[in-house]
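Predicted model, so just to flag it, every value in this text is computed and none were measured.
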Amino acid sequence: DTEVTQTPKHLVMGMTNKKSLKCEQHMGHRAMYWYKQKAKKPPELMFVYSYEKLSINESVPSRFSPECPNSSLLNLHLHALQPEDSALYLCASSQEARGSTDTQYFGPGTRLTVL
Amino acid sequence: QKEVEQNSGPLSVPEGAIASLNCTYSDRGSQSFFWYRQYSGKSPELIMFIYSNGDKEDGRFTAQLNKASQYVSLLIRDSQPSDSATYLCAVNGFSNTDKLIFGTGTRLQVFP
């Protein structure tokens, strides 16, 4: 089973709203990722959690706040977003097997629209 | 600056033909190479990974890696209209703290 789930599938929010994106995997993976993808562009890495600790933050604005409550869950808290933040937000996970091929599996994504 | 380059396409092939998708990368230390397929509006789906020089086959798909030339390709045999999608090449380094670097993707169109 290589399933990563994400909720919600679609989200429309105003610039003053607070919302959260959720991601879950039950593959025993110890690395989880948030990506942002704009139309016709490749995914852009935002955050990486390794063993539930934030290991990479790609200089993402503070209006995006990640959280990893446990090894299976990853959240992305959104606050005071801008219209240019509208995009497909992808969660991925990988085994985090050091020194070997580490394959990332993507969830279906959340389509976010900021009005 | 680690880079992965792909021709954006579209690459148009007739149904039943072989589609050849190419990718070059700049970091000689790269160890793992991945091909993802992405349908419009959907998330990337892993097609294959390869980390040894040579060919790796899985059904209609063959990945080819040449580390000396820093080149990885994906061949799709007997192309079907359902193969029409964007194919993303991604490259990872030896350390698993390295990021997965994506190419910009090649759009493949298979026409009946």
Side-chain angles (χ1 to χ4, degrees), chain A residues 1-6 9-10 21 23 25 27 29-51 53-60 87-113, chain B residues 1-10 21 23-25 29-53 56 58 63 65 67 72 85-109:
Chain A
D1 181 13
T2 55
E3 190 178 26
V4 178
T5 59
Q6 289 187 243
K9 289 184 180 169
H10 301 276
L21 309 184
C23 174
Q25 57 87 16
M27 296 178 278
H29 289 176
R30 302 311 299 268
M32 297 185 76
Y33 311 76
W34 281 116
Y35 289 86
K36 172 183 176 180
Q37 188 177 26
K38 303 281 263 185
K40 299 191 189 305
K41 298 288 187 184
E44 286 177 53
L45 184 65
M46 300 174 73
F47 302 104
V48 181
Y49 273 83
S50 175
Y51 293 84
K53 288 187 167 52
L54 184 64
S55 62
I56 295 179
N57 176 341
E58 288 291 292
S59 302
V60 178
L88 181 67
Y89 287 83
L90 296 162
C91 175
S93 72
S94 69
Q95 190 174 6
E96 187 80 324
R98 292 185 182 274
S100 64
T101 304
D102 198 31
T103 303
Q104 292 185 29
Y105 297 93
F106 285 85
T110 294
R111 175 72 60 189
L112 174 67
T113 303
Chain B
Q1 178 80 3
K2 298 175 184 178
E3 292 183 348
V4 177
E5 298 201 359
Q6 297 180 256
N7 188 321
S8 61
L21 303 158
C23 174
T24 59
Y25 58 95
S30 300
Q31 295 287 321
S32 311
F33 307 86
F34 304 86
W35 284 100
Y36 288 87
R37 176 176 64 196
Q38 188 171 25
Y39 293 112
S40 181
K42 302 295 186 183
S43 66
E45 174 193 6
L46 182 71
I47 297 295
M48 292 190 73
F49 66 84
I50 186 168
Y51 47 89
S52 298
N53 272 331
K56 180 181 178 182
D58 184 1
L65 175 60
K67 288 188 178 180
V72 58
T86 295
Y87 288 80
L88 295 164
C89 173
V91 176
N92 204 349
F94 179 74
S95 164
N96 67 342
T97 59
D98 278 356
K99 297 175 288 189
L100 197 59
I101 308 297
F102 283 92
T104 52
T106 297
R107 190 156 64 93
L108 173 66
Q109 292 178 335

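With a threshold of 4.5 angstrom between heavy atoms, A:Q6 does not approach chain B through any atom at all. For a residue to count as touching a neighbouring chain, one of its non-hydrogen atoms must lie under 4.5 Å from one of that chain's; by this rule B:Q38 touches chain A with the side chain only. In this structure, no portion of B:F33 lies under 4.5 Å from any heavy atom of chain A.
Heavy-atom neighbours of A:K38 NZ from other residues, nucleotides or ligands within 6.0 Å: above the threshold of 12.
When atom types are taken as modelled, the side chain of A:Q37 and the backbone of A:A87 share no donor-acceptor pair closer than 3.5 angstrom.
The one candidate from A:R30, A:Q104, A:H29 that meets the side chain to side chain contact (heavy atoms under 4.5 Å, CB included) condition with A:Q95 is A:H29. Partner A:F106 forms a ring-ring contact (aromatic ring centres under 6.0 Å, His included) with one of A:W34, A:Y35, A:Y89, A:Y33 and no other, that one being A:Y35.
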